[in-house]
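Have a look at the structure below, then the notes.
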Amino acid sequence: MRIALSVKDLAYETAPIDLRPEVNAQRSPEYLALNPEGLVPLLIDGTRAFSQSLAIIEYLEETHPQPALLPRAAADRARVRALSLLIACEMAPLNNSGVLSYLRGPPLSADESEVNGWYARWIARGFEALEQEVQALSGDGAHMFGTAVTLADVCLVPQMYNARRYRCDLEPYPRLRAIGAHLEALPAFARAAPERFAPA
Ligand SMILES: N[C@@H](CCC(=O)N[C@@H](CS)C(=O)NCC(=O)O)C(=O)O
């Protein structure tokens, strides 16, 4: 969500929610009153709160169409959405912090190497597919689709960041690594980097 706000050059304020298991601020009564889903991110726009990253980004796209994160042609939009959904629905949910905490706790009681193996499996499954798809869809080797930033790029960068955090092997995905490196160097992406929002 931060990347989309940044690409569209929209001003925003952040309110960090501490997801550490010992804090679980996303499950506090105050936060659940705002977002009963108990997940971040949440976009508050005036008096309305919007949940779910892709819904939020499409809301931003519709309310602030330029620069566009979806191409014009219906077939191209479907391709960009498919790349984005592969990340947002097939990879990220399996590796989110709540799922990993559940693996670690009873009754599964997975140890760290098992949790890391779980994480790496879903990263590999998704990135293998994306690496193939961008061969046909990237127009310049610097974007997932075509030659401009799209929703798919906005989804890729956080997923690559998290994969690196979990020390996943990204060597098998040279096209994704090249795209990620290009995107991370763009000012709009750099402004939204997690390090800039880490608690002091
Ligand atoms: N589908 C949601 C997933 C959001 C999500 O998994 N957020 C994680 C942090 S990145 C979270 O809130 N985890 C806390 C938990 O699962 O309790 C979206 O795209 O917004």
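When a ligand or atom number is given, it counts from 1 through the structure's own listing order. All values below were derived from every heavy atom in this structure, side-chain atoms included, with hydrogens, water molecules and symmetry-related copies excluded.
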Derivation of the side-chain contact (heavy atoms from CB on, under 4.5 Å) call for V99 and Y119: CA-CA 10 Å; V99 168; Y119 197 106; over 6 Å; no
Evaluate side-chain contact (heavy atoms from CB on, under 4.5 Å) for H143 paired with V149, printing each intermediate quantity in order. CA-CA 6 Å; H143 301 88; V149 170; 3.9 Å; yes
For atom 19 (O) of ligand 1, the closest protein heavy atom turns out to be S53 OG, 2.9 Å
Counting non-hydrogen protein atoms only, what is the nearest one to atom 1 (N) of ligand 1? Give residue, atom name and distance. Q52 OE1, 2.6 Å
If we only consider heavy atoms of P41, is any one of them less than 4.0 Å away from an atom in ligand 1? yes
Quick look: Q26 vs ligand 1, heavy-atom contacts under 4.0 Å, and the answer is side chain
Check against salt bridge (Lys or Arg N to Asp or Glu O under 4.0 Å), E61 and R81: CA-CA 13 Å; E61 179 78 354; R81 286 194 172 110; over 6 Å; no
Count the heavy atoms belonging to other residues, nucleotides or ligands that lie under 6.0 Å from CZ of R79, then report whether that count exceeds 12. no
Heavy-atom count around R191 CZ within 6.0 Å, excluding the residue itself: above 12? yes
Distance under 4.0 Å to a non-hydrogen atom of S97: what atoms of ligand 1 satisfy this? 11 (C), 13 (N), 14 (C), 15 (C)
For ligand 1, which atoms have a heavy atom of G98 less than 4.0 angstrom away? 15 (C), 16 (O)
Residue selection (non-hydrogen contact nearest atom 7 (N) of ligand 1) among I87, V40, L54: V40
Nearest heavy atom to atom 9 (C) of ligand 1 wins, so pick from L19, N95, N96, V99. L19
Quick one: do V80 and L86 end up in the same hydrophobic cluster if we chain Ile, Leu, Val, Met, Phe, Trp and Tyr together by side-chain heavy atoms under 4.5 Å apart? yes
Short N or O distance, L39 and ligand 1, threshold 3.5 Å exclusive: no
Check the orientation of F127 and Y173. Use parallel for under 30°, tilted for 30 to 60°, and perpendicular for over 60°. perpendicular
